[in-house]
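First comes the structure, then the notes that go with it.
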There are 2 protein chains.
Amino acid sequence: MHYTRDNMAGLLRSHDINPTHQRIEIAHALFSRQEHLSADQVMAIVNTRHSETSKATVYNTLKLFLEKGLVREVIVDPSKVFFDPNTSPHHHIYEVDTGKLSDIDAEHVQISGLPPLPTGMVTEGIDLIVRVRRAS
Amino acid sequence: MHYTRDNMAGLLRSHDINPTHQRIEIAHALFSRQEHLSADQVMAIVNTRHSETSKATVYNTLKLFLEKGLVREVIVDPSKVFFDPNTSPHHHIYEVDTGKLSDIDAEHVQISGLPPLPTGMVTEGIDLIVRVRRAS
DNA sequence: ACAGCAATCTGGACTTTGTCTAATATCCGG
DNA sequence: CCGGATATTAGACAAAGTCCAGATTGCTGT
Ligand SMILES: [Mn+2]
Ligand SMILES: [Mn+2]
Ligand SMILES: [Zn+2]
Ligand SMILES: [Zn+2]
């Protein structure tokens with residue numbers, strides 16, 4: 001699949017999001033790269049040519065995408081949140097030195113032996129993060 | 001085991017940490033409660049009676065404890081880091097509504113099917129977080 | 001075309017978490 | 001007690017994120 005700006009409007013609509021110029025640009029930044037980006041990185045990408053999207057809109061839009069299930073949040077770095085255009089179930093490898101974050105397909109990963117949840121609680125998601133560094 | 005201020009000095013020494021009044025208080029805050037605390041919470045606990053430990057010292061000390069392996073860091077909340085006096089291998093349940101964080105013993109949890117690491121990389125740790133919320 | 005209206009976007013002030021620094025205080029061996 | 005190393009401190013600073021009141025945009029009905 002190839003993500004063009006034109007596809008973005010349909011993608012947004014299919015997630016019940018009114019497609020505006022700013023939202024299309026932000027979605028395009030995430031989906032054309034298929035990378036994990038921080039709000040700051042999105043901000044920089046969207047405003048490379050000329051300043052056209054404010055910080056408030058970047059944060060508002062990313063939060064909206066999150067609520068609508070268009071992207072997922074990955075919390076691995078204590079100083080910033082990453083936004084992930086890949087919403088299929090998967091896990092992450094985090095290189096602590098470089099900050100590089102990559103996907104692990106969940107298909108072949110098996111997690112067993114988890115205790116039962118406290119009553120009245122439902123699982124919202126299971127995050128598995130493998131923290132790695134260069135062998136010293 | 002019962003963690004008193006008096007055994008804190010020995011605990012610190014056994015981790016190659018020079019026991020000072022402030023360090024003992026901070027260690028005592030964490031180990032007597034056996035809870036996951038943020039820097040802010042540690043700060044509040046340590047200064048309840050009267051102000052006696054600065055913000056800089058709280059942060060410096062928690063970082064020192066981390067380096068020396070006395071505590072572990074848990075990154076689940078995008079807005080703050082938790083410090084965990086339990087350094088034995090274990091996982092976490094995070095209640096997203098309340099922010100409550102509790103331990104899952106790693107003993108019976110089995111994770112299989114992880115892909116091989118990129119060459120020259122070693123695992124520093126595997127964090128498994130089960131995000132739960134009240135059933136709606 | 002145009003007024004009215006809701007939805008969206010914006011700059012900038014503000015808050016929170018955490019870092020840094022230069023000065024001071026404490027500790028310890030000789 | 002002296003001198004140096006180690007530890008603590010207040011407060012300035014930085015970065016990530018939130019908030020708000022005003023401006024823009026894009027309709028819809030006339
Ligand atoms: Mn443009
Ligand atoms: Mn005291
Ligand atoms: Zn991912
Ligand atoms: Zn724990």
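Quick note on labels: first sequence line is chain A, next is B, and so on, each numbered from 1.
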What pairs of nitrogen or oxygen atoms, one from the protein and one from nucleotides 23-29 of chain D, lie under 3.5 Å apart?
none

[Y] backbone acceptor or donor facing [X] side chain under 3.5 Å:
| X | Y | answer |
| --- | --- | --- |
| R23(B) | N18(B) | yes |
| T123(B) | G125(B) | no |
| S32(A) | H28(A) | yes |
| N7(A) | H2(A) | yes |
| T48(B) | I45(B) | yes |
| T61(A) | T57(A) | yes |
| R134(A) | E95(A) | no |
| D105(A) | H90(A) | no |
| S51(A) | N47(A) | no |
| S14(B) | L11(B) | yes |

Could you state the [atom1]-[atom2] distance from [X] to [N], rounded to the nearest angstrom?
| X | N | atom1 | atom2 | value |
| --- | --- | --- | --- | --- |
| F82(A) | dA16(D) | CZ | C1' | 13 Å |
| I26(A) | dC9(C) | CD1 | C1' | 11 Å |
| E25(B) | dT9(D) | CD | C1' | 17 Å |
| N47(B) | dT8(D) | CG | P | 13 Å |
| I17(A) | dA7(C) | CD1 | C1' | 15 Å |
| K55(B) | dG18(C) | NZ | P | 10 Å |
| M43(A) | dC9(C) | CE | C1' | 12 Å |
| E52(A) | dC9(C) | CD | P | 12 Å |

Below 3.5 Å, does any donor atom in the side chain of K80(B) face an acceptor in the base of dG18(C), or the other way round?
->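 Under the 3.5 Å cut-off, the side chain and the base do not form any donor-acceptor pair.
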Can you give the dot-bracket line for DNA chain C, using ( ) for pairs inside the strand, [ ] for pairs that cross earlier ones, | for pairs with another strand and . for unpaired bases, where Watson-Crick and G-U count if both distances are under 3.5 Å?
-> ||||||||||||||||||||||||||||||
Would you mind listing every side-chain hydrogen bond (donor to acceptor under 3.5 Å, both in side chains) that reaches into residues 108-118 of chain A, with sequence neighbours excluded?
->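 Not a single pair qualifies under side-chain hydrogen bond (donor to acceptor under 3.5 Å, both in side chains).
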Would you mind classifying the nucleic acid contact of T57(B) as base, sugar-phosphate or nothing, using non-hydrogen atoms under 4.0 angstrom?
-> base
For S38(A), answer base if it contacts any base atom (sugar-phosphate contacts may also be present), sugar-phosphate if it contacts only those atoms, and nothing otherwise; contact means non-hydrogen atoms under 4.0 Å.
->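 No contact.
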For F82(B), ring pair (Phe, Tyr, Trp, His ring centres under 6.0 Å) partners two or more places apart |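 By the ring pair (Phe, Tyr, Trp, His ring centres under 6.0 Å) rule, F82(B) matches no residue at all.
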Taking DNA chain C as the partner, which of residues 58-79 of chain B come within under 4.0 angstrom of it by heavy atom?
-> Y59(B), S79(B)
Against the side chain of A56(A), the closest entry in dA7(D), dG12(C), dT17(C) is dG12(C)
Options dT17(C), dG11(C), dA10(D), nucleotide nearest the side-chain atoms of S54(A) = dG11(C)
5'-most by nearest nucleotide on DNA chain D - S51(B) or R23(B) =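 Going by which nucleotide is closer to the 5' end, it is R23(B).
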Expected string for nucleotides 22-30 of chain C under the B/S/- scheme (protein heavy atoms, under 4.0 Å, primed atoms plus P, OP1, OP2 as sugar-phosphate) is ---------
Atom pair CZ/CG of F83(A) and L62(A) - distance to nearest 0.5 Å = 4.5 Å
Scan side-chain atoms only and decide if N86(A) and H36(A) contain a donor-acceptor pair under the 3.5 Å cut-off.
-> no
